[in-house]
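Just dropping this structure here.
Here is how names work: the chains are called A, B, and so on, in the same order as the sequence lines, proteins then strands, and each is numbered from 1. Quick note: numbers below take in every heavy atom, side chains included, and nothing from hydrogens, waters or symmetry partners.
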Amino acid sequence: MKLTVRSALAGLMIMAAGNVAANAKDSVVIGAPLPVTGALSPEGTKLRQGYELWREQVNAAGGVKVGDRRLKVDLRYYDYQSQTPRAIQVAEKLITDDKVDFLFSPFGSGATKAASAVAEKAGVPMIASSASSKEVFDQGYKNLFGVYTDNSTFSEPLADLVKAKLPNARRVAILARNDLYPLSLANEFEKSAKKRGFDVVFFEKYAIGTLDHASALTQLRAAKPDWIVATGYINDLITIRKQAADLKVGGEAFTLINGPAYQEWISAVGPLAENVTTASWFHPVARYSSDDVFGSSAKFVELFKAKYGSEPDFTQASGSAVGVVLQQAIERAGSLDRDKVRAELKKGGFKTFFGPISFSDIGIADSYVPPVLQIQDGKVQVVAPAEIATSTFRTGLK
Amino acid sequence: MTALLELKGVTKRFRGLEALSDINLSLKSGEIVGLIGPNGAGKTTLVNVITGVHTADAGSITFNGAPIAHMRRDRIARLGVARTFQVVQPFPAMTVLENVTAAALFGGGAASIAEARDAAAHHLAFCGLTDQAGKPAANLTLAGRKRLELAKSLALRPKLLMLDEVNAGLNPAEVDAALELITRIAAQGATILLIEHLMKVVTRTARRLVVLHHGKLIADGPVASVLSDETVVEAYLGRRYAERMAGAGI
Amino acid sequence: MMLRIALPLALPFAIVAVAFVLLSQTDAYIIRLATTFGMYAALALAWNIIGGIAGYPSFATAAFFGLGAYVTAVAQNLGAPLLVGVGLAGAGAALFAGLLGSAILHLRGKYFAIASLVIAEVLRELTNSWTSVTGGGMGINLPLAKTTLLTQPQLYLAAMLFLAAAATSASMLIDRSRLGVALRCIAQNEDAAQIIGVDTRMAKTWAFVISSLFIGLVGGVYASWVTYIDPTDVYDGAMSVKPILMALLGGVGSVFGPVLGAFAYLLLEELLWRNLLEFHAGILGLLVVLLVLFLPGGLSQIRGVGLVSLPKIWRRAP
Amino acid sequence: MLWLQVLVNGLAVGGLYACIAVGFSLVWGVLNIINILHGSLIVLGGYLAFFAHQYWGINPFLFAPLAGAVMFAGGVALQYCVINHVMARPFLITLLLTFGLNLFLDNSMLALFSADYRKVLLNPAPGVFDLGSIVVPADRIYATLVGLVLISALALLLRFTQFGRAIIAVRMDRDAAALLGVNVRWTYAVAFGLGVFMAGSAGALLSAIFPISPVASAGYLSKAFVICVIGGLGSIPGAVIGGFALGVIESFGALLLGPEHALTLAFVLLIALLAVRPSGLLGRQGFA
C-alpha cells in the first residue's frame with residue numbers, strides 16, 4: 001500500500017511537471033482562459049469554436065508571418081469554471097507558467113475587467129472578445145483591446161429605429177439582469193430612450209439566477225409600455241420571452257439582448273421569436289472583404305459552416321476576430337515583441353471579416369456599426385443600418 | 001436541617017396529557033430515597049424536570065436554596081445534581097478515563113485537565129474500573145457501562161444523585177455488586193434518589209419510599225409503612241409487585 | 001506547562017516561516033499554488049473546529065468567507081489600509097457568527113447543516129441587491145496592496161501561510177484546553193455533555209466564533225489577492241463543501257488531518273484541472289465518490305500516511 | 001387586480017416548485033440523505049422529455065411518468081449498488097457522496113448534451129386561460145395537475161400499500177423494521193428510486209416551461225432545499241404546501257421589494273422559520 005501511494009504521488013508529480021515543457025520559439029503562444037464548465041459554458045464552447053477555426057486556418061497557411069519566419073499558433077486553454085477569480089488565476093498562470101506571448105480575454109465584461117488587471121501588471125496585450133461595457137475599458141489600461149463596440153452602439157440605432165417606425169410610441173419599459181454587462185446595457189438604453197423623448201415608465205433589475213419572471217413582467221405589463229427592452233443572457237431571455245407571452249404582455253416593439261441572435265434562442269422560443277429585435281456585433285449577412293486569413297466575411301461563414309455545420313453567431317465570430325486582429329498586429333510589427341505589437345494594435349486600421357477594426361483611446365473598437373437584427377419568419381434579418389439591411393423593420397408582436 | 005431539594009406543585013404536561021401533576025416532594029441531605037412506580041408513571045419525567053431536560057409547566061423547584069426550575073441543564077449539573085440514564089449515555093469514542101475526566105473537569109470543578117484526570121482515576125478506582133481505564137467506552141459490557149455512568153456521576157461531586165434504573169438489564173450478581181457500590185456512595189454523604197422497578201434493590205438500601213402512579217404522588221413515607229399502606233398495596237403495588245416477581249423469576 | 005502552551009504557538013509559525021523563505025524565491029506559479037494551499041489549509045482547519053471537533057456540520061464557510069471578502073473590499077474602497085480591512089473582515093465574521101450562533105446553534109445535525117447552508121444564500125442575495133455599497137452583481141474591485149519589502153505574490157503567500165499557521169496553533173491550543181474537551185463531548189453526545197455540566201451553548205458559540213474568525217480573515221486576504229470579487233464567486237456553495245472534503249480526506253476531528261487533506265485535495269484539483277480541460281470536475285466528483293466509499297476515514301487509513309495519526313494530544317500524560 | 005394576478009402567478013409557479021421538491025423531500029425523510037444529486041436528476045428528466053419530444057413527438061406532460069419510470073430503475077440501481085454502502089454513516093458522508101455523484105452527472109451531461117439551452121416547443125402552443133383581467137398560462141396548469149396526480153399517487157402508495165408501510169416503518173425505526181422482517185436494504189433502494197422518479201417526472205414537466213441545461217441543476221436544488229425547509233423536512237404534503245408558499249412569497253416579494261429582491265424576502269422568512277420552527281410548517285416537532 002505504501003508503495004502504491006508513493007508511486008501514485010510520484011506519477012502525479014511527473015504529470016504536473018510535464019505541462020511546463022520547453023517552449024522553443026517556433027510558435028506564437030496565446031493564452032485563453034475559457035469557461036468550459038459552469039454557468040458560462042455555452043459561451044465558452046462558442047468562443048473556443050471561433051479560436052479553433054482561426055488557428056486551423058492560420059496553421060494550414062503555414063502560420064503567423066513574423067519577419068521572414070512563419071510561426072505556428074499555439075493556443076493554451078484552461079477552464080476557469082465560470083468563476084471570475086478563477087479567471088484571474090488562469091490569466092496569471094498563463095503568463096507566469098505557460099509564458100504566453102499574448103492573451104485572449106475570458107468571456108464577458110466582468111471577467112475581462114478582472115483579468116485585464118493581471119495582463120496590465122505583466123504588460124501582456126490582451127484582446128477582449130466579448131466585452132462592450134465602458135466600465136471595463138475606463139481603467140486607463142494600455143494592454144486591453146476589445147473588438148466589440150460600446151454598448152451605446154446597440155441602444156442608439158435601436159432607439160432611432162423605434163422612434164422612426166413607431167412615431168406614436170412613448171412608453172419604454174426596461175428589465176435588466178443585475179450583472180455588469182446587462183445592467184450597463186440597460187443603462188445605455190435608458191439614456192438613448194430619454195434622449196429621444198421616450199418616457200421610461202418601468203426600470204427594474206432581476207437577480208442572477210432568477211427562475212421565474214412572472215411578477216416582474218406583471219408589473220411591467222401594468223406600466224403599459226409601447227417598447228420593451230430586456231437584457232440578460234440566453235436562458236433569462238428564453239424565459240422572459242415565454243412568460244411575457246404567458247402574461248399577454250403587449251407592446252409594439254420587443255428588444256432582447258443577448259439571446260435572439262443565437263440559433264438556440266430561436267429554437268427554444270419558436271414562434272414567439274417573431275418580430276423580436278436585438279443587435280449583435282456580427283451577423284453572417286455581413287459583406288466585409290478583409291486582409292485576414294479568411295479573406296472576407298462570406299468566406300469565414302462558409303468555412304465555419306463547413307467545420308461546425310451551423311452559421312456562426314457573434315460570439316463564435318468574435319473568437320476568430322480576436323485571432324485575426326492579433327495576427328495582423330504581429331505581422332505588421334514583424335516581431336513578437338509585446339511593445340511593438342501593442343503599438344500596432346493602438347494604430348488600428350485592421351481590415352477583418354468581422355468589420356474594420358480600430359480602437360479608441362481607451363481600447364474599445366469604434367470603427368464599425370453593429371447591425372440591428374429582427375427575427376422574421378424564424379430567420380434573423382438585418383434591419384439596420386440601411387446599407388446592409390436584408391429586410392425592413394416590422395412592428396407589433398405575435 | 002433544611003431540605004436539599006424541594007418540589008412544590010410541580011406539573012408537567014405533554015400535549016395536554018399530564019405526566020406529572022402537582023408533585024410536592026422534599027429530600028433532605030444524606031437521605032436515600034426510593035422512587036417506585038410502574039412504567040409510564042412519570043418517574044423518568046420527574047428526573048428530567050429536576051435536571052432541566054424538561055421545564056415544568058407549573059410549580060417551583062429549589063435546590064440547596066436556589067430556584068432551578070428554569071435553569072439550564074449544565075448549570076444545574078454544576079450545582080451538584082447528577083443523574084444516570086436508564087439508557088446509558090457515554091461518550092463512545094473516548095476512553096473510560098477520558099469520560100470520567102470530562103465529568104470531573106466540568107461538573108466536578110477541577111481547575112485543570114491534569115487535576116481532573118487525577119480525580120477521575122480516583123473515581124474509577126472507587127467504581128472498580130481502573131483496569132478498564134484505557135478502553136474506549138463503546139467497548140465496555142453493559143454492567144461496565146453502568147459503572148462508568150456511576151463513576152461519571154460521582155466525578156461531578158454531586159450533592160444529589162439520581163439513579164435511574166441503574167440495575168436494569170444486570171444479572172443478580174451484578175446487581176449485588178452495584179448495590180454495594182451505591183451503599184458506599186451513600187456513605188460519602190450524597191443524597192440519593194433511587195428510581196427502580198426491582199423492589200429488592202429499593203427495600204435493601206432506601207429507608208424512605210415515594211410512589212408515583214399516573215403522574216401523581218400517592219404515597220411518601222418510611223419503607224415499611226408505605227409497603228404496608230393498604231391503598232398502595234391493593235390498588236397498585238400488590239398486583240404489580242406480584243406480576244413483576246413472577247415475570248422476573250425472582 | 002509553559003511548553004504545552006508555547007510549543008503549539010511557536011511550532012506552526014516556525015514551519016511556515018521556513019516554508020515561506022524556501023517558496024518565496026520560486027516562480028509565480030508555485031507561489032500561487034502555495035498561497036492557495038495556505039488558504040485551503042486555513043479554511044479546512046477552521047471548519048474542523050466547528051465541524052470536526054464539535055461535530056456541528058457547518059455549511060456556512062462560504063457565508064463567512066464571502067462576508068470577510070466583502071468587508072475588506074468595502075473597507076478598502078472607503079480608504080482603509082489592507083491590514084485594517086482584513087482585521088475588520090475577521091472581526092465582522094466572528095461577530096456575525098456569535099449572533100448567528102444564538103439563532104441556529106440550538107439546531108442539531110442536518111437541521112443545523114441546512115440552516116448554515118442557507119446563510120450563504122441570504123448573504124449572497126443581500127450583497128447582490130445592496131448595490132450602492134457592494135456594487136451588486138457587477139462585483140467590486142479592490143485597490144492593489146502597497147508593498148515595500150515583499151512583492152505582491154510574496155505578500156499574499158506570507159499572509160495565507162500565516163493564517164494557516166495561526167489556525168493550526170488555534171486548533172492545537174483548543175485541542176488541549178477545556179474548550180477542546182467540551183467540544184469533543186458535544187460531538188459525541190450533547191445531552192450527556194450537558195448532564196456532566198458542560199456549558200454547551202457557550203462552547204459551541206466559541207467554536208463557531210473562532211472558526212468564523214479565521215474564515216473571515218481568509219476571505220479578506222483572498223479578496224485583496226484576486227483584486228476583484230463578485231457575489232456569485234465568493235458565496236459559492238463549493239466553498240462550503242471543499243473544506244469538508246479536505247477535512248474528510250485527512251481525517252475529521254484530528255488537528256493535522258485538515259492540513260494533509262488540504263494538500264491532497266489541492267494536488268488532485270490542480271492536476272485534474274491542468275490535464276483535463278473538459279472533464280476535470282467530473283473526475284473530481286468520481287474521486288469524491290470513491291473516497292467516500294473506500295476510504296471513509298480519510299487518507300490516514302492508508303498505511304504509509306501515518307503522519308496524521310498522532311495520538312490525541314490531550315490524552316497524553318502531562 | 002395587480003395583487004390578484006401576482007397571487008395567481010405565485011400559485012402557478014408554486015405548483016412547479018412542489019413538483020421540484022417532493023422527490024427531494026421523500027429521500028430526505030426516508031433515507032435521511034440530503035440528495036445533492038436531485039437538481040441534476042431534474043435536468044436529466046428534462047433531457048429525456050426533450051429527446052422524446054424531438055424524436056417521437058411525445059407530449060412531455062404525458063411523458064412525465066415514463067421519464068420517471070426510466071429514471072426510477074436507475075435510481076434503484078444507484079442506491080442499491082453505491083449509496084447503500086454508506087447508509088449507516090453520518091449524514092455528512094452521504095451528503096459528500098451525492099455531492100461527488102452530482103459533479104460527475106452534471107459534467108457528464110455537459111459533455112453529452114453540451115450546455116446549450118434547449119426547450120420543448122409544444123405545437124400548438126398551450127396558450128393561456130384568460131379570465132378577464134387575470135391570465136394563467138395553460139402549460140403551468142397542466143404541469144401542476146400532472147405533478148399533483150403523481151404526488152397523490154405517491155402519497156397513496158406510501159399510505160395504503162404494504163410496500164408503502166414498509167417505507168414508513170423503516171423511516172420510523174430501521175432496526176425495528178428489520179426485526180419485523182422488512183428488507184431494509186431493498187426498501188431504501190426503492191424509496192430512493194421513488195425520489196428519483198419524482199425528480200425525473202418533474203424535469204419532464206418543466207421541459208416545456210424552463211430552458212434545459214446542465215447548468216440549471218444548482219438552481220433547482222436550491223429551490224428544493226428552501227421548499228423542504230419551509231414545508232417540513234421529509235413531509236410530502238409539506239413539500240406541496242412549501243412549494244406553493246415559496247411561489248407566493250417570491251411573487252409578492254418581487255412586487256413589494258422589486259424583482260431583484262424577490263428571493264431575499266423568501267430567505268429572511270426561511271431563517272426566521274428555522275430559528276423558531278426548524279421542523280417546518282408541517283413537520284414533526286423535535287430534532288428527529
Who wins among C/Leu126, C/Val122, C/Ile104 for the most heavy-atom pairs under 4.5 Å with chain D? C/Val122

Near C/Trp273 CH2, under 6.0 Å, is it more than 12 heavy atoms from other residues, nucleotides or ligands? yes

Between C/Phe59 and D/Leu92, does the side-chain contact (heavy atoms from CB on, under 4.5 Å) criterion hold? Intermediate values first, please. CA-CA 10 Å; C/Phe59 284 80; D/Leu92 205 58; 3.8 Å; yes

Distance col, row C/Thr131:OG1 vs D/Glu260:CD, nearest 0.5 angstrom, shows 5.5 Å

Between chain D and each of C/Ile244, C/Ile119, C/Leu284, C/Leu245, count heavy-atom pairs under 4.5 Å; write down the option with the most. C/Ile244

How about C/Val118 and D/Val226: do any of their side-chain heavy atoms sit closer than 4.5 Å? no

Is D/Ser222 in contact with chain C via its backbone, its side chain, both, or neither, using a 4.5 Å heavy-atom distance? side chain

Taking every heavy-atom pair that is under 4.5 Å apart, which of C/Leu290, C/Val241, C/Leu287, C/Ile283 has the most such pairs with chain D? C/Val241

Portion of C/Leu117 that has a non-hydrogen atom of chain D nearer than 4.5 angstrom: side chain

Could you tell me the separation between the CG atom of D/Leu110 and the CZ atom of C/Phe279, rounded to the nearest 0.5 Å? 9.0 Å

Quick one: which residues of residues 96-108 of chain D reach chain C at under 4.5 angstrom, heavy atoms only? D/Leu96, D/Leu97, D/Phe99, D/Gly100, D/Leu101, D/Leu103, D/Phe104, D/Asn107, D/Ser108

By residue number, those in residues 18-26 of chain D with heavy atoms under 4.5 Å from heavy atoms of chain C are none

